[in-house]
Amino acid sequence: MRLFVALDIDNVIRERIAQFREEMRARAPGVRWVGPETLHITLQFLGETAKVEEIKTALANIKGPPVGLNFRGIGFFPSPQRARVFWIGIEADEHLQPLVDSTGNALAPLGFKREQQEFHPHLTLARAGSGRPYSRPGDRPAPGLQLVRAKLESRPQPEFGTMTAHEFILYQSTLSPSGSRYTKLAHYPLG
Ligand code: ATP
Ligand code: MG
């Protein structure tokens, strides 16, 4: 199974983002938009694994307070000039990084490596081209996202609101040509 650990978002915020997404979707050829119902904040990607039961047990031992999240602003990976991932920014309170660290520590004994890069909380809204968030030689530009970038340049930072995450979730991802499907396998309360 292909697994990852993530936070889900409140429906009020989901709806505001869905509206913004509709506005941005116009005139952005070749951009693959994430379905609003599947928006999430990835804490750790586990990839293909058969150790589901061990993972569930490890995650059940994690303790931490609820996490406050503020959704504002947008950005691009790997950079605005080479945009392939379009995301909404997240300002998290001081409880998010410890939760990411606890998740990493809980899963390390099962052989899952922590991300090399610093954790940068974000909500992926669209992908273009290879969809890779980092640069590789021979990368091609994704013109559709440059149009999105141009559209946003003259606007103030969009604001999508705040929420408190009271749980984190183990998700299964099922890849398909029409986009990945996510299934919630287990919920872990915070607080
Ligand atoms: P698709 O791969 O079809 O574009 P997706 O990226 O949403 O769809 P998955 O690849 O299963 O689906 O990824 C699930 C979650 O884990 C997403 O939030 C994705 O950004 C994140 N993710 C995927 N691969 C990695 C990786 N190598 N490192 C960190 N996070 C990853
Ligand atoms: Mg992917």
Side-chain angles (χ1 to χ4, degrees), residues 1-10 13-14 17-18 20-21 24-25 28-52 55-56 58-59 62 67 69 71 73-79 82-90 92 96-97 99-108 110-137 139-142 144-145 148 160 163 165 167-188:
M1 280 186 206
R2 186 178 175 94
L3 302 181
F4 63 101
V5 179
L7 303 176
D8 198 0
I9 65 171
D10 285 356
I13 291 173
R14 192 186 311 284
I17 293 175
F20 175 74
R21 172 185 182 273
M24 292 301 118
R25 251 153 72 101
V31 178
R32 306 184 296 278
W33 297 89
V34 174
E37 65 291 348
T38 66
L39 290 168
H40 62 270
I41 304 159
T42 305
L43 303 181
Q44 192 171 338
F45 179 70
L46 305 181
E48 198 60 42
T49 175
K51 298 181 190 163
V52 190
I55 291 166
K56 285 184 179 171
L59 294 178
I62 294 175
V67 179
L69 302 165
F71 297 78
I74 56 95
F76 300 92
F77 289 143
S79 69
R82 298 162 188 228
R84 279 192 301 271
V85 177
F86 174 44
W87 47 263
I88 287 174
I90 299 169
L96 182 59
Q97 186 64 55
L99 176 59
V100 173
D101 294 341
S102 304
T103 307
N105 292 338
L107 296 172
L110 297 175
F112 296 101
K113 292 222 173 65
R114 312 269 311 257
E115 296 283 321
Q116 298 296 314
Q117 281 143 341
E118 196 188 330
F119 179 67
H120 182 295
H122 66 278
L123 206 57
T124 296
L125 201 49
R127 297 183 177 86
S130 69
R132 253 199 308 273
Y134 46 83
S135 295
R136 283 246 190 98
D139 276 343
R140 290 178 197 195
L145 281 182
V148 171
F160 302 99
M163 61 167 272
E167 62 173 14
F168 65 96
I169 298 163
L170 176 65
Y171 282 86
Q172 178 178 4
S173 172
T174 313
L175 299 179
S176 89
S178 56
S180 305
R181 270 193 314 108
Y182 306 138
T183 316
K184 293 177 178 175
L185 295 185
H187 298 249
Y188 302 92

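Each residue takes its place number in the sequence, starting with 1. Whatever order the structure lists them in is the order used to number ligands and atoms, beginning at 1.
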Validation: residues 175-187 side-chain donor-acceptor distances under 3.5 Å, sequence neighbours left out:
{"residue": "Ser176", "atom": "OG", "partner": "Ser178", "partner atom": "N", "Å": "3.3"}
{"residue": "Ser176", "atom": "OG", "partner": "Ser178", "partner atom": "OG", "Å": "3.1"}
{"residue": "Ser176", "atom": "OG", "partner": "Gly179", "partner atom": "O", "Å": "2.9"}
{"residue": "Lys184", "atom": "NZ", "partner": "Asp8", "partner atom": "OD2", "Å": "2.5"}
{"residue": "His187", "atom": "ND1", "partner": "Glu167", "partner atom": "OE1", "Å": "3.0"}
{"residue": "His187", "atom": "ND1", "partner": "Glu167", "partner atom": "OE2", "Å": "3.0"}

(request) Decide whether Arg2 and Thr174 meet the rule of one side-chain donor and one side-chain acceptor closer than 3.5 Å. (result)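 The answer is no; no qualifying pair exists.
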(message) Would you say His40 and Thr38 are linked by a side-chain donor-acceptor pair, where the criterion is simply a distance under 3.5 Å?
(response)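 Thr38 vs His40: no donor-acceptor pair found between side chains.
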(request) Tell me the residues surrounding ligand 1, counting only those with a heavy atom closer than 4.0 angstrom, sorted by chain and number. (result)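 Lining ligand 1: Arg2, Phe4, His40, Thr42, Phe45, Glu115, Arg127, Ser173, Leu175, Ser180, Tyr182.
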(request) Classify the ring geometry between Phe4 and Tyr171 as parallel (under 30°), tilted (30 to 60°) or perpendicular (over 60°). (result)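 Judged by the thresholds at 30° and 60°, the geometry between Phe4 and Tyr171 is parallel.
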(request) Verify ring-ring contact (aromatic ring centres under 6.0 Å, His included) between Phe77 and Tyr134, making sure each step is shown before the conclusion. (result) CA-CA 7 Å; Phe77 289 143; Tyr134 46 83; over 10 Å; no
(request) Please indicate whether Lys113 has more than 12 foreign heavy atoms, meaning atoms of other residues, nucleotides or ligands, lying under 6.0 Å from its NZ. (result)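 Incorrect, the count does not exceed 12.
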